[in-house]
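To start, the structure itself, in structure tokens.
In the text below, chain A, chain B and the rest are named by the order of the sequence lines, each starting its count at 1. Values reported hereafter were calculated over all heavy atoms of this structure, with side chains retained and with hydrogens, waters and symmetry mates removed.
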2 protein chains.
Amino acid sequence: MHFCTRCGGPVSLRVPAGDSNLRHVCDVCGNIHYLNPKVVVGTLSEWEGKVMLCRRGIEPRYGLWTLPAGFMEMGETTAQGALRETYEEACARPELIDLFTLINVTHISQIHMLYRARLLTPDFAAGEESLEVRLFDEAEIPWEQIAFRSMAATLRCYFEDRARGQFQFHPIDLPPPEAG
Amino acid sequence: MHFCTRCGGPVSLRVPAGDSNLRHVCDVCGNIHYLNPKVVVGTLSEWEGKVMLCRRGIEPRYGLWTLPAGFMEMGETTAQGALRETYEEACARPELIDLFTLINVTHISQIHMLYRARLLTPDFAAGEESLEVRLFDEAEIPWEQIAFRSMAATLRCYFEDRARGQFQFHPIDLPPPEAG
Ligand SMILES: [Zn+2]
Ligand SMILES: [Zn+2]
């Protein structure tokens, strides 16, 4: 950022008094602009043993598969956000079961939270940001074409828990991606 | 906010094309400024059956008691943030046990995450934003002087789980505060 949201003056990166981090501080009015991690919420929805994935119709990762998820909005709960994103991307209205994964994606300062959910009917369709929405058996999951590591991790946890016969909550810290 | 962070031009509240929410959109360059919920992280630390609380030395809720917690920073995990805040406010370095509560505080667009933790030694002291740090038995908890409902809810879950002999993860949605 280059300009102050309060007065429009130029900002500089400085450590404010009593702080220990660099912040964007207004050169004119002194307003301090804090940046904070963002929360992404979504669902892993099941129907008759299959899980619902969306093929992305937008960048990044155009054409790859993901669980429906997106940035949480002001004034909603994590659960409400997860359901909203599922409707926007997959035109589906599942019933939430439980918060399933909470994934720190630290190198981009995001927290991804995926809920386990069940479709009550097999009604879904590609939303504006999706090319296609499909149900996948475990054996059909396109592991090499999953858009994000957090979504692949959530799918792995799901199939492992299901094989064990017990679902649990999984807090996960993703390491930085490998260089290259 | 009044001015664009990219060009310093004035912003207006508008619904951008393809969006369904009001956003701060720059009248000059079209930059869209998204606001998102913020994450607060902290700890409930135990030592010999007691829990550690901090008496707030800053507004809001100056003089009331709380668990050490604060806004998550860019580039850290939720666990790292919880430990950092505990050190800043209580000069303590507990060992984290588990994520214990995840509380949607929707009317202020915050998510509070509290970790259960254990002190390895009874070393703590008031940090810059605290007046006092103390260990409390369950019977001593100043329930009428707890600064935030999310912290009271976390303490209640803790003592209930402890009485039952089993700790579990608690996702909670706080209702809006009562008027008045
Ligand atoms: Zn300014
Ligand atoms: Zn602009």
Side-chain angles (χ1 to χ4, degrees), chain A residues 1-11 18-24 26 28-29 31 33-41 58 71-81 84 88 96 98-99 102-111 113 115 128-129 168-174 176, chain B residues 1-11 18-24 26 28-29 31 33-41 58 71-81 84 88 96 98-99 102-111 113 115 128-129 168-174 176:
Chain A
M1 67 179 296
H2 302 293
F3 295 96
C4 175
T5 57
R6 186 161 74 186
C7 80
V11 297
D19 200 333
S20 53
N21 288 291
L22 281 172
R23 312 282 181 191
H24 293 91
C26 179
V28 178
C29 78
N31 188 28
H33 303 77
Y34 295 93
L35 296 176
N36 298 95
K38 290 187 194 294
V39 175
V40 167
V41 286
I58 55 171
F71 288 112
M72 192 178 171
E73 296 275 6
M74 302 296 276
E76 67 184 7
T77 64
T78 47
Q80 287 165 346
R84 178 184 50 72
E88 288 177 11
L96 294 189
D98 258 330
L99 182 58
L102 186 154
I103 305 175
N104 279 285
V105 193
T106 310
H107 67 284
I108 52 170
S109 292
Q110 292 183 1
I111 304 170
M113 296 189 207
Y115 282 80
E128 281 195 6
E129 301 184 349
Q168 59 181 75
F169 170 63
H170 298 267
I172 297 170
D173 293 343
L174 278 194
Chain B
M1 67 178 296
H2 302 293
F3 296 97
C4 175
T5 58
R6 186 161 73 187
C7 79
V11 298
D19 200 332
S20 52
N21 288 291
L22 282 171
R23 312 282 183 193
H24 292 92
C26 179
V28 178
C29 78
N31 188 26
H33 303 77
Y34 294 93
L35 296 176
N36 298 95
K38 290 187 193 297
V39 175
V40 167
V41 286
I58 54 169
F71 288 113
M72 192 178 171
E73 297 275 6
M74 302 296 277
E76 68 186 5
T77 65
T78 47
Q80 287 165 346
R84 178 185 49 71
E88 288 177 9
L96 295 189
D98 257 329
L99 182 59
L102 186 154
I103 305 177
N104 279 286
V105 193
T106 311
H107 66 286
I108 52 171
S109 293
Q110 292 184 0
I111 304 171
M113 296 189 206
Y115 282 81
E128 280 193 9
E129 301 185 349
Q168 59 182 72
F169 170 63
H170 298 267
I172 296 171
D173 293 344
L174 277 194

Which portion of Leu35(A) sits near chain B, non-hydrogen atoms under 4.5 angstrom: both

Max heavy-atom pair count under 4.5 Å with chain A, selected residue of Ala79(B), Gly18(B), Gly81(B), Pro37(B): Pro37(B)

Residue among Thr106(A), Ile111(A), Asn31(A) with most heavy-atom pairs under 4.5 Å to chain B: Thr106(A)

Chain B interface, residue from His24(A), Met1(A), His33(A), Met72(A) that has the most non-hydrogen pairs under 4.5 Å: Met72(A)

Heavy-atom side-chain proximity of Met113(B) to Leu102(A) below 4.5 angstrom: yes

Separation of Phe3(A) CZ from Cys4(B) SG (nearest 0.5 Å): 8.5 Å

Arg23(A), part contacting chain B, at a heavy-atom distance under 4.5 Å: side chain

Side chain, backbone, both or neither of Glu73(A) within contact of chain B (heavy atoms, under 4.5 Å): both

Crowding at CD, Glu128(B) (>12 non-hydrogen neighbours, <6.0 Å): no

Pro171(A), part contacting chain B, at a heavy-atom distance under 4.5 Å: neither

For the student: nearest non-hydrogen atoms of Tyr34(B) and Lys38(A), plus distance: O-NZ, 4.3 Å

Donor-acceptor contact present, side-chain Ser109(B) to main-chain Gly75(A), <3.5 Å: yes

Leading residue by heavy atom contact count with chain B [cutoff under 4.5 Å; candidates Thr77(A), Val39(A), Asp173(A), Asp98(A)]: Thr77(A)

Sub-4.5 Å side-chain heavy-atom contact between His2(B) and Thr5(A): no

Sub-6.0 Å ring centroid separation between Phe169(A) and Phe169(B): yes

